[in-house]
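Within every chain, numbering begins at 1; the chains are lettered A, B, ... in the order of the sequence lines, protein sequences first and strands thereafter. Only this structure's heavy atoms are used, side chains among them; waters, hydrogens and symmetry mates stay out.
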Amino acid sequence: MKHPTRIRWAVIAVALVGFALLVSAEGMWRDLLGALFPDYRTVVHPRGTLVDFTLEHLALVGVSSALTIAVGVPLGIWVTRRSGREFRPLVSAGVDLGQTFPPVAVLALAMPVLGFGFWPTIVALFLYGLFPVVSGTIAGIESVPPAVTEAAVGMGMSRWQVLARVELPLAARVIMAGVRTSVAINIGTATVGAAIGTGGLGVPIIGGLAVQNMAYVLQGAIPAALLAVLADALLAQAEEGLGVATG
Amino acid sequence: MIRLENVTKRFSEKTAVDGLTLEVPEGEVCVLIGPSGCGKTTTLRMVNRLIEPTSGRILVNGRDVMSMRPEELRRGLGYVIQSIGLFPHLTVAENIGVVPRLLGWEKPRIADRARELLSLVGLEPDSYLRAYPRQLSGGEAQRVGVARALAADPPVLLMDEPFGAVDPLNRERLQAEFGRIQRELHKTVVFVTHDIDEAIRLADRVAIMRDGRLQQYDTPENVLNRPANKFVHDFVGADRALKRLVRIKVTEVMRPAPQAAIDDAPEAMRERAGAGRFVYLTDDEGRLAGWLDTDDIRDDAVADAITTVDRLQATVARDASLRDALSRMLGLGFRSIAVTDDEGRIMGEVTFAAIEAVMSEAEEHRGPTADGEGA
Ligand SMILES: Nc1ncnc2c1ncn2[C@@H]1O[C@H](COP(=O)(O)OP(=O)(O)OP(=O)(O)O)[C@@H](O)[C@H]1O
Ligand SMILES: [Mg+2]
């Protein structure tokens with residue numbers, strides 16, 4: 001079990017380095033996109049470097065996903081406790097609604113309150129990514145066989161011990177699956193932030209669409225897609241690690 | 001040790017346990033039995049406060065369970081639940097170590113304890129300690145469940161159909177092992193089952209329940225011989241005499257058996273038989289090697305009348321019950337069978353006639369009460 005795991009980590013590390021090199025190779029993008037679209041006057045977005053866009057994007061995804069997890073997992077846990085059980089339908093409906101809202105609409109609603117830029121986008125991403133995390137947490141905890149929790153309580157574990165030693169380890173995989181979905185959604189959705197000046201890989205995409213420059217669009221879309229694949233592989237690997245630790 | 005005083009539990013409309021009064025003395029096995037839904041599990045779960053009684057009192061060691069912190073109470077009561085409930089993410093060793101860890105034992109002590117308990121329940125520690133529950137068979141999982149309940153050496157064990165999920169053969173083996181462990185450890189045990197044979201085999205006292213009410217609380221012998229009412233009479237079944245044999249050890253009706261060494265002179269063997277027909281022949285360690293049937297001796301050719309046998313097949317151990325002996329005899333077509341001690345040496349024999357005598361005695365004992373009420 002150890003050996004293949006280590007190899008997979010190595011592959012992921014190599015892919016990350018490759019990705020970093022790719023986004024910092026300004027000249028390569030200019031040559032490549034120039035060759036693809038010889039008629040365009042400019043092929044790379046003038047507002048910043050690809051490295052800037054990528055780092056901005058990562059900041060958006062990182063902050064919003066951290067918030068989503070920090071709120072979503074406890075929320076999911078709470079509604080499976082005796083004290084929060086009655087709120088479960090409400091919470092489920094709420095996070096469901098958060099996801100049906102188009103992110104652009106959330107931006108439009110959040111802007112008057114939070115102004116332009118970073119935070120309205122974070123709010124939109126947070127609401128949008130909450131559903132998979134909360135429902136993953138609920139599903140994970142409910143997948144724990146009742147006999148197992150009964151044994152835990154019957155053997156004298158406190159409620160916290162049952163949660164920390166039995167329910168969460170057994171639910172970890174399902175919760176992680178929810179987190180993966182949420183992060184993947186966030187990486188894609190974060191591009192809309194460019195519409196209100198948040199930056200990120202959405203800048204060349206949305207800018208390119210506005211001026212009908214397909215080279216710009218590709219310059220943003222390709223790294224965004226690669227980022228989504230990489231993040232998923234990374235989280236899948238982390239999930240595997242959890243799986244090994246918990247049998 | 002455990003006392004239930006007029007305990008009632010109501011779930012909204014349904015009264016699951018109704019005015020139950022029961023005392024389990026220290027070191028005894030109380031088996032709760034009755035049809036499905038009669039309140040056995042509810043009773044058990046009230047003892048460790050997984051359920052709280054609607055009224056009445058439950059005392060463990062003289063202390064009202066409602067006055068104790070639930071976690072503290074439960075850590076002192078070994079609990080084997082109806083569906084085993086091993087922790088799937090923990091190894092067998094870690095499963096067994098759960099309560100010791102909660103009690104703050106040192107790691108090496110927990111590890112030693114896990115080894116010790118696996119051996120006790122008949123599982124080879126080196127092959128099981130690191131296994132995960134999904135790798136165990138039903139019977140192995142049950143054993144680990146029992147080992148886990150015993151981990152912190154609680155004086156009281158609550159067991160809810162602990163052998164419910166195993167096939168009849170393994171079930172009997174587990175019952176025999178439970179009996180052996182209990183003779184060693186003398187726990188106070190409340191054991192739930194709906195298998196009357198299991199109850200009779202394991203109980204010091206049987207509590208028969210119906211619709212939440214206690215019907216009879218008595219020794220297995222008395223439940224078999226003097227059922228308190230028609231329900232108990234019917235519940236115990238028509239083969240009471242046969243069931244009674246489970247409670248009697250072969251050593252109780254054993255008689256001395258004529259023996260000779262297999263390398264003795266033919267005449268010496270024959271002399272040993274005396275007036276009887278058979279002589280058990282033993283090897284140099286006193287274990288059964290065969291027998292001599294004096295009726296088969298023709299023209300003084302004693303050697304031709306000797307049958308050699310597989311020792312393990314043709315004997316019963318001294319802790320076997322009369323029912324074990326009877327089924328072995330019926331299987332082999334014998335009218336008597338040798339009883340051996342722990343080293344395999346012949347202690348004596350049990351005859352078919354002796355078993356018959358016990359059975360007819362039981363029928364007489366049964367007396368008019370049951371029939372009177374049963375008619
Ligand atoms: N939490 C509960 N809520 C409502 N009714 C319950 C609850 N637990 C048990 N009951 C009811 O109480 C009665 C006794 O149940 P209990 O589980 O004690 O039966 P049992 O004797 O253990 O049965 P079995 O042999 O099937 O395990 C049943 O009628 C059951 O439906
Ligand atoms: Mg039950």
Side-chain angles (χ1 to χ4, degrees), chain A residues 1-5 73 76-77 80-83 85-86 136-179 236-247, chain B residues 41 44-51 68-104 130-135 141 144-146 148-152 154 157-162 164-165:
Chain A
M1 205 56 209
K2 272 225 162 70
H3 209 63
T5 308
V73 173
I77 292 172
T80 57
R81 302 300 95 184
R82 203 187 302 168
S83 56
R85 194 158 296 161
E86 49 189 309
T137 304
I138 294 175
I141 288 179
E142 289 188 341
S143 73
V144 178
V148 171
T149 36
E150 190 195 327
V153 176
M155 292 168 78
M157 287 193 196
S158 68
R159 278 185 209 161
W160 280 111
Q161 286 167 330
V162 175
L163 179 66
R165 296 189 188 184
V166 178
E167 290 177 300
L168 285 182
L170 287 174
R173 274 168 177 264
V174 184
I175 296 177
M176 275 304 286
V179 169
Q237 196 52 32
E239 182 185 324
E240 193 68 29
L242 279 177
V244 171
T246 60
Chain B
T41 298
L44 201 69
R45 287 161 56 99
M46 283 192 289
V47 176
N48 66 6
R49 267 188 76 175
L50 287 174
I51 297 177
M68 299 172 71
R69 266 189 58 227
E71 289 84 18
E72 186 195 338
L73 168 76
R74 290 172 192 147
R75 286 171 199 176
L77 304 171
Y79 183 39
V80 182
I81 74 170
Q82 197 158 356
S83 31
I84 317 178
L86 294 182
F87 302 120
H89 59 306
L90 302 182
T91 62
V92 165
E94 289 164 341
N95 262 284
I96 296 175
V98 166
V99 179
R101 256 186 74 191
L102 291 174
L103 295 172
R130 270 181 289 277
Y132 282 94
R134 63 170 179 275
Q135 298 166 305
V144 174
V146 172
R148 183 174 67 170
L150 287 168
L157 280 182
L158 307 175
M159 311 176 84
D160 198 349
E161 303 198 29

Among B:Asn48, B:Ile81, B:Leu158, the residue with the most heavy-atom pairs under 4.5 Å to chain A is B:Ile81
What residue, out of B:Arg45, B:Gln82, B:Arg49, has the most heavy-atom pairs lying under 4.5 Å from chain A? B:Arg45
For A:Thr137 and A:Thr80: C-alpha separation, side-chain torsions, deciding distance, then whether side chain to side chain contact (heavy atoms under 4.5 Å, CB included) applies. CA-CA 9 Å; A:Thr137 304; A:Thr80 57; over 6 Å; no
Results of side-chain contact (heavy atoms from CB on, under 4.5 Å) for B:Glu94 - residues two or more places apart only: B:Leu90, B:Thr91
Least distance between heavy atoms, B:Gly76 atom then B:Pro154 atom: O-CB, 3.3 Å
If you compare all heavy atoms of A:Pro169 against all heavy atoms of A:Ala164, which two are closest, and at what distance to 0.1 Å? CD-O, 3.2 Å
Scored by heavy-atom pairs under 4.5 Å with chain A, the best of B:Leu77, B:Leu73, B:Val80, B:Leu102 is B:Leu102
Please list, chain by chain and in numerical order, all residues satisfying side-chain contact (heavy atoms from CB on, under 4.5 Å) with B:Ile84, sequence neighbours excluded. B:Leu86, B:Ala141, B:Gln142
Close contacts, residues 149-156 of chain A versus chain B, judged by heavy atoms under 4.5 Å: A:Glu150, A:Ala151, A:Ala152, A:Val153, A:Gly154, A:Met155, A:Gly156
The criterion is side-chain contact (heavy atoms from CB on, under 4.5 Å); which residues satisfy it with B:Glu72, sequence neighbours excluded? B:Arg63, B:Arg69
Within 45 degrees of the axis of the six-membered ring of B:Phe87 and under 6.0 Å from its centre: does B:Arg148 put its NZ or CZ there? yes
